[in-house]
Amino acid sequence: MIGSPDVVAFTKEDEYGQTNPDPWALPEEFSVPLHPLADSNPWAKTSYAKFTKDFILISEFSEQVGPQPLLTIPDDPKVCGTFDLNYFSLRIMSVDYQASFVGHPPGSGYPRLSFVEDSRVVLGDSKEGAFAYVHHLTLYDLEARGFVRPFCMAYVSADERKIMLQFQELSLRFSQASECLKAGNRRAFAKELQRKLRDLEYTHSVLQREEGLQREAGPQCIYSAHAVEKANELANVEKSIYEHRDLLRQISSYHCRPRRDPHVVTCQKCMTECLNECEELLDKYAKLANPFGYTDKGGKGEEGQGQIDDEGGEEEVEEDEDEGVKRRPSYTPQLIKAKSAKCFDKRLKTLQELCDETFYEATVELLKETERSFRGDLCYLHTRRLDKALRRRQRVTNFLFEEDLGDDDEDEVGTLRPFCAVNHAVDNYTLLNPPPIVLGPEPLELDSLEPPGPLDPASETSHTHDSELGLGESHLESSPSDQTLETQESSEETKGSFSSDKSGVGPAEKQQSLASVRSEPPDPDSDLTPDADHNTDLERESSSEEMETTAGEEEGDNGGDQTPVSLLEVVSELEGSREDDCERETDGACELESDLLVPIDTACCMSQEGFLYEASAPEADPHLGQSSHHQPSETLVVNQEPQALLPLQDDYAVGSPCSESPAAGLELPVGLLGDAVSRISVEDGSDCTMSASTGSDRAASPLGYGGVVTLRQRKKAGQGALRFVRQYPFAMQALWCLLSGRTLVVLGADEGRVRRLVAALALFVPGPGKCGERVQAWLSCPFTLTDLQRWKLIGLQRVASPVGSSMLYSLSRYSRYISILDADQKTLRCPPYRGQLLANIADHRTYIRRGSTYFLHVQSTLCHLAAKAFLFTFTHHLHLPVSCTEGPEVVEGRRRCFLQEQLGLGEEDSQILLYLSQLITQQYLRPATGSSAAAPCFSFNYTTSVLYKI
Amino acid sequence: MVAQPVEKSPVLCIDEEQPKNWFTELQVLTGHFDIVRFLVQIDDFRCASAGDDGLVLVWNIETGERLQELRGHSQQITAITTFTCNNGLMSHTSLITASSDRSLSLWDPDTGNRVQTISDLQSSVKCLLVLERLCVCLSGGEELCVWNKDFQLQCHRQNHSDTGITALIELPKNCIAAAMDKEIMIYRLTVSTDSSMSVAEIRCLSDHQDQIRALINVNDGLFASGSHAGELILWDAIDWTILAYEHILWEESQTSAQAEIRMGAPKPSEMSIQHLTTNGTLILAAVGSGLYVYSILTKTVVAYRKVAHDSNVLHTILLSDSELMSCSEDGSVRMWEIQDLPLPAEPASAGFFGMWNFGRSNKQTGPPSKKVMDVPNIRTLELTGDLIGHSGAVQMFVSFKENGLVTCSTDHLLILWKNGERQSHLRSLALFQKLEENGGL
């Protein structure tokens, strides 16, 4: 027995929060709930899945073999482990959530293409320990049954919460991928239709000629069985020409359809291109309004074949003009056989073939990117996003200690650019607001701002929105094909959604409330979405963290026969037990589904009878029937033993996507150097000071010129810094030097050791620059004042040669500007530091054992410092007189008072703050356009240095 | 020239408490490709630098920006001066440069244009003097030429001396004093009714024993000259008589100084007056690597330090009656204060300031101090701070008062020394101004 996929309902706790929010409270998105998992042990990993990491699965419901997995991202067999992809595909594809009805509506003469919106479902297989965000989509295939091929893309994770809480963004990203696939598919479909039409017309001409020959042969032949058959064949071909032309018309009118999907983000240029292409084709075949005209022409011409070839050539030229790059051999029309091969014999097109190659590849890229960005567990994702959100707010001080926010991050959180497969210029993109960060049961939504209408918890679910959508568009979509098979249940559902809509808030109100909160309302792509309420949908959807968990809501009006039931199911469950947000069983729904599913078997190939819709059950039916099985799995989910998920995720390169940035190429030579260095130090057995593994040696390499310093490298450096702090009792003084802007020279004979020390200490260089420009890992010539001005941390080679003496000379000459850390003798010469500020990050008896922990500890301390410096810098009265009677000494006194009494900083600690403040000021004053012609300033003070020994 | 490394000292750090040194911020100005020898102040915030690369760069000393790059000379610059022409309301400052390529150029520092240029002079110009009162410019070399503001030659006079004119100063009554080797020649410039000019030799003062190295105006009635042999002569500016004759290192040279110098004595530079500066009441003489403060009132040396630097002092300035500054071939700029000697028995000690910096002065301040001890009101020259940054000889500096100090050096660099606190305050002001303009963060 195959269990039914557990449709997981998305629930959230009700928000009867205070109506008057505390104006001083931290913005909600920044507040970290103290007990996000109050009800359960947060360490209790629910996962007993057979796979170790999240992955993306693309499956197809093949009309020949049923559900089958096509592709996983990452495309690595290790990813899935022993996890049965076939089984899982079967489960996620076993229900037609899209309710794609295709067929021959009674009223119309031609088959219709179904314009199905994607559906988004969260499915769980509690037995397998796998949960998935499943995005169903259909692609057009002329040879497929009903011209559609159902596909799905699933984000599979062992962590249900992760999927639930990231639903919005998953949905957004998969929608992009889906749109990309579909755009490519429409293109390919139009081309296929074109080819088919050409074939048909050729066949038609041949048949006509044969008929003509028969007619000439004499009247006795006209009524022969053979002639009748020919005549029927001709009629069928004619019919199918009409049908195909209609299909072409339909596919080209695709863009005119109102889209209900709020996540639809399309590249306008692609759209227009595709549209133009289709229209051209349509024009071309509209010219042949009378398909027999073609034969007439053929009759006029000497030979039909030649004529066709000519035309084909012409078309190719046109196509080439359209496509620009691609040049294919000219197409020779084929004679369409009256009886085509059976469905099961023929080879189905692959996904690549269904979509344009470029679009397919772009989609895969997009999904890869998605997979990357969702690596790590929920907590990690959440904190990373919190971190980014915070840093975005602190643009003024970010440069001090934070790693650079790359452009990809910009995309990720700041604005989501609609994906364009063909990489069109960015001028035509629309901005979308990303879904907000979701953590824990607390909703981050702006519900408190909404009118207190939604007291009914059910109406707070996405149900409301979607039924609104349904209301808004049911009349738009009331094409006969959509409603023909609407069942009793679905009409009930429609009513239900209408009623729930009444309890909701008007779209306009919502929009207002949202607009008051959102700083940048998303740009509606009005060109492609003629319906006005799309905008509101878009905003509403992208801003709300409510999730569409069931497919039913998507299909509320789409004639979806089985989905409304699942929706009702969800609603009732929401009303019933909301506190339990485990997966739901949709047994009832599935049972109904199996009943309600209208088996549609469209002509998968051109049959002589034209399009016929047999009532035979599709292959998948047995599965669907069996899928009513379900399992009680809630208890299993929670009581599972904790598993070491984190390390697994860790070696999966949790780091920022930057680590795979093209800068890696730049790093390479340095990395090699670093390796060589590490070898040296390994050979040097007596060197126990920094017996670092080769892994941490790499951390040394990227510092200095040549590559962006990534978070990953910085974390690695954390290990070195921790070692430094634990090993050297004067680490605090060294850190103080760096933080107070005094250049630190690490002097040593062993390059590896010096480089490692520099890499570790580089963490503490304020404003190290994007590529660590202010750090020089290894210098083997005497330095000058310009170097001191440029670098704040210098690794200097100690040489015992004449060069060395001049180096010593420069060291002594500039000794007032530098502190010298002698790595060989383990001494530090620097001004004395007696402050307390750095005691907690430079405690050589620290209990922190892990480098990454220490790194985070340091980060938080430095962040704290930066915040203080920010406050200090931008507090007006600390720098400028309040009244004109005040002299500079009053301001000076106030500043000192602030530093000493309010911040509790001693003399030396104040210097750190003053230096950071100076950096912030300079950064703020720096002209936005380019670097100024002026040289940078170099500040120093005249103080006595002392020699620290170990 | 690279500064001679001082005694090799294993000590890498020295105590550097300099509470009176307010230069706590510096900017390195790059742009020259060779020794930078000259600095002139154009106005309150601009200065021009020139050197052996033939380049003249105009700097904004408030921001450290390079404003203009005046290119045109093919060889090293030998003299530079500003030429302010005041026509009624507006006064416009131009730059005049002279180069070894025997050309003379007039520049507009605002636009960087070369307004006028005179090439193919008979000899290269060694010094320039602007008489703003007459709106003329004098160039001295092997010949003395007088140019008007449009760079038209008004008159010129050939010299008989081989060395040519090395220094020019203006004296009252349209007179000019020119230093030529051991003599000071007094010229008179006469402007006839048709505004044509003529220059005539009036007097030749040949009282110096050795080559004249420095010639300065002290005040309206006095001018001073210093020679390679350490003679400092104070002259009356009107009747050109000697008012005072001071042989700075007389206690040593009394016996055999002149003979020694003539024969190329072992330490000729130690008594050579490299540079003279005055504020009207005091004359500061840079003698060898030492500094001597001479009071015009008492006509005595009031304070001195025989070894103030490790190498020859190249340029000095009197900031006030008690503060002075000097720069030297050793690459440092030092700030001094004339202080009353706390204990007359104790010779001036520099030991406080460093373990190696002033080692030599400890050794050598002994003998002369004994001699000068007799003078009751002798004061000491105390080092209050030094600026270390250049890696070559510091050729010259220009003080912009509280805005800072610009130094130029043989290491091709200029360094702008500033008061860190003041700059920080200015930046804060700018920050809040920008904040206001931007309407917040």
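Numbered from 1 within each chain, the chains take letters A, B, ... in sequence-line order.
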Minimum side-chain heavy-atom gap [X]-[Y] below 4.5 Å:
X: A/His879; Y: B/Ser424; result: no
X: B/Phe23; Y: A/Tyr942; result: yes
X: A/Arg816; Y: B/Asp386; result: yes

Segment of [X] engaging chain A (4.5 angstrom heavy-atom cut-off):
X: B/Trp22; answer: neither
X: B/Asn438; answer: side chain
X: B/Leu416; answer: neither

Approximate separation, where rounding is to 0.5 Å, of [X] [atom1] and [Y] [atom2]:
X: A/Thr943; Y: B/Gln18; atom1: OG1; atom2: CD; answer: 10.0 Å
X: B/Arg427; Y: A/Ile920; atom1: CZ; atom2: CD1; answer: 13.0 Å
X: A/Asn941; Y: B/Glu25; atom1: CG; atom2: CD; answer: 11.5 Å
X: B/Leu26; Y: A/Ser939; atom1: CG; atom2: OG; answer: 8.0 Å
X: B/Ser428; Y: A/Arg895; atom1: OG; atom2: CZ; answer: 7.0 Å

**OP:** Go through the steps for B/Thr24 and A/Phe938 under the test side-chain contact (heavy atoms from CB on, under 4.5 Å), then give the verdict.
**Re:** CA-CA 8 Å; B/Thr24 53; A/Phe938 174 64; over 6 Å; no
Side chain, backbone, both or neither: which part of [X] has a non-hydrogen atom closer than 4.5 Å to chain B?
X: A/Thr921; answer: both
X: A/Phe874; answer: both
X: A/Ser819; answer: neither
X: A/Thr827; answer: neither

Original post:
Between A/Arg813 and B/Asp330, does at least one N-O distance fall below 4.0 Å, as a salt bridge requires?
Top reply: no
Original post:
Counting heavy-atom pairs under 4.5 Å to chain A, which of B/Leu413, B/Val28, B/Leu431 comes out on top?
Top reply: B/Leu431
Original post:
Should we count CD of A/Gln797 as having more than 12 external heavy atoms under 6.0 Å?
Top reply: yes
Subject >> side-chain contact (heavy atoms from CB on, under 4.5 Å) between A/Tyr809 and B/Ser391, worked out >> reply: CA-CA 11 Å; A/Tyr809 172 69; B/Ser391 56; over 6 Å; no
Subject >> Those residues that, when tested against B/Lys418, pass side-chain hydrogen bond (donor to acceptor under 3.5 Å, both in side chains) (two or more places apart) >> reply: B/Gln27
Original post:
How far apart are the closest heavy atoms of B/Phe432 and A/Leu880, and which atoms are they?
Top reply: CD1-CD1, 3.6 Å
Original post:
Which pairs pass ring-ring contact (aromatic ring centres under 6.0 Å, His included) with one or both residues in residues 381-412 of chain B, sequence neighbours excluded?
Top reply: B/His315-B/Phe397
